Every structure is written in structure tokens, then in C-alpha cells.
Amino acid sequence: MQVKAPRGTYDILPNDSVKWQYIEKIMKDSAESFGFREIRTPLFEHTELFQRGVGQGTDIVSKEMYTFNDRSQRSLTLRPEGTAPCARVLIEHGVFSGVMPVKWYYQGPMFRYDRPQTGRYRQFHQFGVEAFGSNNPYLDAEVIILLVEIFSRLGLSDYELHLNSVGCSVCRDAYRQKLLHYIAPLKERLCQDCRQRYFQNPLRVLDCKIEACHQAIVGYPTIYDSLCPYCQEHYSRVKVALEDNGISYIHDNNLVRGLDYYSNTAFEIHLPGIGAQSAVGGGGRYDGLVKALGGPDIPGIGFALGMERLLLALDRLGKREFSQPSLDAFVVVMNDSYEMQGLQLLNELRRKGIRADKDYGGRSGKAQMKYAGKTAARFVVLVGEEEVEKGFWTLRDMQNKEQFQLGQEELISSIRCVIEAK
RNA sequence: GUGGAUGUAGCUCAGUCGGCUAGAGCACCAGAUUGUGGCUCUGGGGGCCGUGGGUUCAAGUCCCAUCAUCCACCCCA
């Protein structure tokens, strides 16, 4: 055991791959039913895109990026998230001059250098959606409804949806000042981390997990009370839209998102019961992002889901049985001298859309039968002396052990008849 | 980056107070009178006991380091 997958990465073997395909299909179908279309962007981008798009002050940019120089000394970074690349595409291809809003979904690996633990990897996978070009609060609601729809289709109903508004740049700056004033005299009672946060990102003090910090700042001004009239109006429309569509949520004054570009609506979806990394999805509005990247002033909203956490949740709280793909037919060659007849038959079956295989391990006829049993093939086709000489194939139905001697046309139509009935 | 737990066969694990060629179940391969699967039985292959050092007559077992995994902090999806 010398070569191992790098720390924080892992392999998806065929038995698990089936689970991925299952959730990927649900996500794709859900997003498409809401009018989103797939976008695929490179796995790496210019480092600058994330520095500007995600924010210099964030943990992601300051300590979690896989950044390297290529052979021409360009600084590139393995994408840590999917929103900034989408915004880049919007600008680069002038998509914003077409029909708006633009609604995209994406799925694929993201990279962050962080300490691995349950539900947290260095190469992890996100499914996300982005909608650019409208600041209509009902679009916020639609995006959240899609998120909830995916959970519902996955059979994960015990989620908690947290909702807040972080305001626009104007009311957030005003709030920030208010909060700084409030906390300043209480600073001594905060934990080390929070004293740091006070300077770097005071809003983060609010979601410190240490109880003493909560007590120290009890009675603090909430951003909710500091929203400007526009942001208030926006937020209340989002809430009404959710309520009228039967989506329950928890207003959470402490919900602040980590990435710099968020504005107004912010949300997170949690699944208690999958360990400490319970935030399975999160997102919000990012009205300043496209402009910050040098494009026009175009608003946007989106979310991202952590695939690994969803799979973990499915395993602990939901669906656990996944059907594995199986063969329709297995060709058993009873005698080496008929190997070529077996191969030709195999290829013909495959050409006719029958999922078929044969042994390549030089096994005896009996061992091939065993092998066929393990592949869970529905039928076995026997190729031996009698068959080749008399010009038929022996078809064995592995479920009821019935055997028939059939010509090739009949053989194929019999197999197809059964598999199409499934 | 910080703290804690754990590393023995492909997988799940046993291995006493340091003491013989390191075990089991599952999985894999072969056979049970030679053209027929699942059950059963018999046999077989497979282990630098994570890696490197140390203590000892003797280390899977004790000590140190390192790497990795897991749990939590942190952060986030």
C-alpha cells in the first residue's frame, strides 16, 4: 500500500457511483423543471477571479485555496466555489446582453485546503444554481423553493431552513458601525477569536459558538432592525412568498454568510443528525458581485449544495438501497474451441442493445455459470459442441431455471422481450 | 491551524502480562467422477501488524517521531 489518494480526497467505486448518479439526476431534473440550464466551467481559473469575487478577507481566499503557477508563471487556482466562475462567464460572453434572468445550474468538484473531517473534504462536490439579472424578491423565493424541492425529492424532510437578510452595502455598513459601537465596551468579555473577528468581520461575532460570547453581547442590535426601507421591503416579500408556498423557515438573526459578495437574502439549510458539518446547502443574493468583477451592475442569487453531506444524510436518514445495474445475458462457452462463436454471439447481442458479457478468466463451464450467477445476469446463453453443430443456442433463464433451444433471431427476440417488459 | 481517539488480509475485526511459522468471518480462486449458478462441504492464495526510529534476549503488543483516518474546534457546502 504505497500510493494513496491525497489527503482529503477519496475514490468513488462503482457501488457508490450509483448513489451519485441518483442524486445528480434528481438535482438536474429539479433544476431543469425550474427553467435552469446546465453550465460547465473550468476546474481552475485565474487566482484573481476568486480574490476579487470571493473576497480577500475570507477564509477561503486567505488560507484555503489551491493556488499554483503554471509553466508560464500565471497564477491559477483550483476553483473553491462555483459562483465567481459563473459571474465571469456572464461577463466574458456578454450573456447579460441577452434575455434575463439567466438561470444556470452546475455540478462538480470544488477544492479547498481545509482539515478533513466527516462531511468535509479537500476535493468535494457541489451542485449549485445561479440566477443573474433580476432583483425581484420572488426570484429569491423561487431559488429557495427549488432548494426545498430537491430535499423533498430526495426524501429528506427533517431539514431546517434558516433565513436572514444581510442588507445592501449601505445598510450593512451602517449596521456594522452600530455593532462595533455596541461591542466595543464589551470586548474584554469575548473569546480570543471574537476579538479578532471584531476587527476583521464583526458580524461573525454573532455566530460564535461559545456561550460566553453570546451572553456578553446579549441585547445586541440585529441587522434586521437596521435594514433600510428597500431591504426591509425586499426581505418581507421573500418571506411572504415562501409562506404562501408552504415553505417553513426560521428567521435567524445570527446567519451571516462567509463570502464577501452576499447582500440581502441569505439562507442555509441544515440537517441535524449528520454530525458537526450539518450545513448541507447555503446561498443568497449577491447583487454586487458582477460589478466587482468588472462587469455591469447586474444582480444575482444562487445556492450551493454539498453533495457529500447529502449522501451522508441519505445514508443516515434516508434512502440506503440503490439498485445496481445488472447484465441481461451472460455467454458461457463450454469448450475452448467454440470461443470465437461465443465472442461473435456476444457482440451480436450487444449490437442489439442487450447488456451482455462473458468470462475472460479461462474458467471451466461450471465456474462460468457461477460467475454468471454473481453478475446477476437474467439469462445465460450456452455455447458448446451440441449448439454449434446443430445450429442453435441454449438459453437459460436464471430466475426460473427454464432452458430453451433457439435460433439466433429467436434468442435475441426472447431476451429483448423479457428485458423490455421490466 | 488547535485538541482528542484510532491505524493488524480486499472488507469487518480478534490477538492475554511483550514469548513459537500472526488468526477468524465475509470476499476471492479451485475441487466435490469430466455440459449447468445461488445452498453445503473440502482445499488454496493473500499480511514490511500504516511508516521510520528506540527499549529488550525477544515488539503486532512498550516509548518517540511521522503519515493517514475519524471526532470536535475553526470554517463552510
Side-chain angles (χ1 to χ4, degrees), chain A residues 1-10 13 15 54 58-64 79-83 107-128 147 191-194 196-197 201 204 207-210 255-259 262 267-271 274-284 302-313 330 332-336 338 359 361-388 394-403:
Chain A
M1 187 65 84
Q2 273 215 331
V3 278
K4 290 187 188 165
R7 179 156 212 216
T9 69
Y10 61 96
L13 273 56
N15 282 347
V54 178
T58 60
D59 280 15
I60 292 178
V61 171
S62 63
K63 52 191 186 192
E64 294 178 359
R79 64 179 187 193
E81 57 94 48
T83 302
Q107 184 270 314
M110 304 293 165
F111 307 85
R112 293 183 200 174
Y113 186 90
D114 201 348
R115 184 122 174 210
Q117 74 182 71
T118 305
R120 188 165 75 190
Y121 301 91
R122 289 182 175 180
Q123 176 177 333
F124 62 103
H125 298 75
Q126 286 188 338
F127 171 88
L147 177 63
C191 68
Q192 278 302 324
D193 288 338
C194 280
Q196 276 298 315
R197 291 187 185 112
N201 190 352
R204 288 234 147 265
D207 63 359
C208 180
K209 301 242 175 15
I210 296 170
L255 174 61
V256 284
R257 308 238 70 226
L259 284 54
Y262 283 104
F267 53 92
E268 259 176 30
I269 192 158
H270 288 259
L271 282 169
I274 60 163
Q277 307 300 321
S278 66
V280 176
F303 69 73
L305 281 169
M307 305 281 272
E308 284 81 0
R309 292 180 188 179
L310 230 27
L311 254 355
L312 193 64
F330 194 93
V332 168
V333 178
M334 299 308 296
N335 180 321
D336 290 354
Y338 306 111
D359 170 61
R363 278 177 252 251
S364 68
K366 185 172 179 153
Q368 287 179 63
M369 286 298 295
K370 269 193 179 176
Y371 182 22
K374 269 172 213 146
T375 66
R378 173 64 194 269
F379 294 101
V380 159
V381 184
L382 290 170
V383 174
E385 191 174 2
E386 197 188 347
E387 283 82 0
V388 173
T394 301
L395 179 68
R396 180 178 174 86
D397 184 332
M398 298 293 272
Q399 273 178 22
N400 58 22
K401 304 184 182 187
E402 284 178 339
Q403 289 193 187

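Lettering follows sequence order; numbering is per chain, from 1. A quick note: this is a predicted structure, and the numbers were derived from the prediction, not measured.
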Taking the same atom, C1', in B/rU21 and in B/rG25, what whole-Å distance lies between them? 22 Å

Quote, to the nearest angstrom, the P distance that separates B/rC63 from B/rG7. 13 Å

Spacing of A/Phe379 atom CZ relative to B/rG37 atom C1', expressed in whole Å: 15 Å

Rounded to the Å, how far apart are A/Glu64 CD and B/rG1 C1'? 11 Å

The Watson-Crick or G-U wobble partner of B/rU42, with both key distances under 3.5 Å, is B/rA30

Earlier contact from the 5' end, RNA chain B, for A/Arg309 and A/Met369: A/Met369

Under a 3.5 Å cut-off for both contacts, is B/rA72 paired Watson-Crick or G-U wobble with anything, and if yes, with which nucleotide? B/rU2

Taking the nucleotide of RNA chain B with the closest heavy atom to each, which residue, A/Ala5 or A/Gly281, is nearer the 5' end? A/Ala5

Heavy-atom side-chain proximity of A/Val381 to A/Val332 below 4.5 angstrom: no

Provide the distance between the two P atoms, one in B/rC17 and one in B/rG3, to the nearest whole Å. 31 Å

Can you find a side-chain donor-acceptor pair between A/Gln107 and A/His125 that sits under 3.5 Å? no

Just checking A/Ala372: base, sugar-phosphate only, or nothing, at a heavy-atom cut-off of under 4.0 Å? nothing

Under a 3.5 Å cut-off for both distances, is B/rC17 Watson-Crick or wobble paired, and to whom? none

Looking only at N and O atoms, is any donor in the side chain of A/Glu387 or the base of B/rG35 less than 3.5 Å from an acceptor on the other one? yes

What does A/Glu268 touch in the nucleic acid at a heavy-atom separation under 4.0 angstrom: a base, only the sugar-phosphate, or nothing? nothing

Expressed as a whole number of angstroms, how long is the span from A/Leu305:CG to B/rA77:P? 11 Å

Does any donor-acceptor pair link the side chain of A/Arg120 with the base of B/rC74 at a separation under 3.5 Å? yes

Pick base, sugar-phosphate or nothing for A/Tyr121, based on heavy-atom distances below 4.0 Å to the nucleic acid. base

B/rA77 P sits how many Å from A/Phe267 CZ, rounded? 11 Å

Ring-on-base stacking B/rA77 with A/Phe124 (under 5.5 Å, under 30°): yes

Looking at A/Pro80, is its backbone amide N or carbonyl O close enough to the side chain of A/Arg112 to form a donor-acceptor pair, meaning the two atoms are under 3.5 Å apart? yes

Heavy atoms only, 4.0 Å cut-off, all strands: where does A/Gly119 land among base, sugar-phosphate and nothing? base

Between B/rG35 and B/rC41, how far apart are the P atoms? Round to whole Å, please. 26 Å

With C1' as the reference atom in both, quote the distance from B/rU61 to B/rA22 in angstrom, rounded to an integer. 12 Å

Assign A/Gly282 to base, sugar-phosphate, or nothing according to its heavy-atom contacts below 4.0 angstrom with the strands shown. sugar-phosphate

Are more than 12 heavy atoms, taken from residues, nucleotides or ligands other than A/Asn400, located less than 6.0 Å from that residue's CG atom? yes

Give the rounded distance in Å between these two atoms: CZ of A/Arg363 and P of B/rC28. 10 Å

Is the closest side-chain donor-acceptor distance between A/Arg363 and A/Gln368 under 3.5 Å? no

Output the distance between atom OH (A/Tyr371) and atom CG (A/Asp359), rounded to the nearest 0.5 Å. 6.0 Å

Now, which nucleotide makes the Watson-Crick or G-U wobble pair with B/rA9, with each of the two distances under 3.5 Å? none

Span that lies between the C1' atom of B/rU12 and that of B/rA59, in whole angstrom: 25 Å

If you round to the nearest 0.5 Å, how far is CZ of A/Arg309 from CZ of A/Arg120? 7.5 Å

Provide the distance between the two C1' atoms, one in B/rA27 and one in B/rU36, to the nearest whole Å. 24 Å

Separation of A/Gln277 CD from A/Leu271 CG (nearest 0.5 Å): 13.0 Å

Rounded to whole angstroms, how far apart are CG on A/Leu382 and C1' on B/rG35? 8 Å

Euclidean distance for P, B/rA65 against B/rC74 (whole angstrom): 27 Å

Give a yes/no on whether any side-chain N or O of A/Lys374 is located under 4.0 angstrom from OP1 or OP2 of B/rC29. yes

In the strands shown, is B/rA22 matched to any nucleotide by a Watson-Crick or G-U wobble pair with both distances under 3.5 Å, and which? none

Give me, pair by pair, the N or O atoms of the protein and of nucleotides 4-6 of chain B that are less than 3.5 Å apart, along with how far apart they are.
none

Aromatic centroids of A/Phe111 and A/Phe124 separated by under 6.0 Å: no

Applying a 3.5 Å limit to both distances, which nucleotide forms a Watson-Crick or G-U wobble pair with B/rC62? B/rG54

Distance, nearest 0.5 Å, that separates NZ of A/Lys370 from OG of A/Ser364: 8.5 Å

Go through B/rA68, B/rG35, B/rC70 for me and flag the one nearest to the A/Arg7 side chain. B/rA68

Under a 3.5 Å cutoff, is there a donor and acceptor pairing between the side chains of A/Tyr10 and A/Gln123? no

Record whether the side chain of A/Gln368 comes under 3.5 Å of the base of B/rU36 through a donor-acceptor pair of N or O atoms. no

Is any side-chain N or O of A/Gln277 closer than 4.0 Å to OP1 or OP2 of B/rC76? no

Is A/Glu308 touching bases, backbone alone, or none of the nucleic acid, heavy atoms closer than 4.0 Å? nothing

Atom OH of A/Tyr113 to atom C1' of B/rC75: distance rounded to whole Å? 15 Å

Taken to the nearest whole Å, CE/A/Met307 to P/B/rC76 is 22 Å

For A/Gly8, answer base if it contacts any base atom (sugar-phosphate contacts may also be present), sugar-phosphate if it contacts only those atoms, and nothing otherwise; contact means non-hydrogen atoms under 4.0 Å. sugar-phosphate

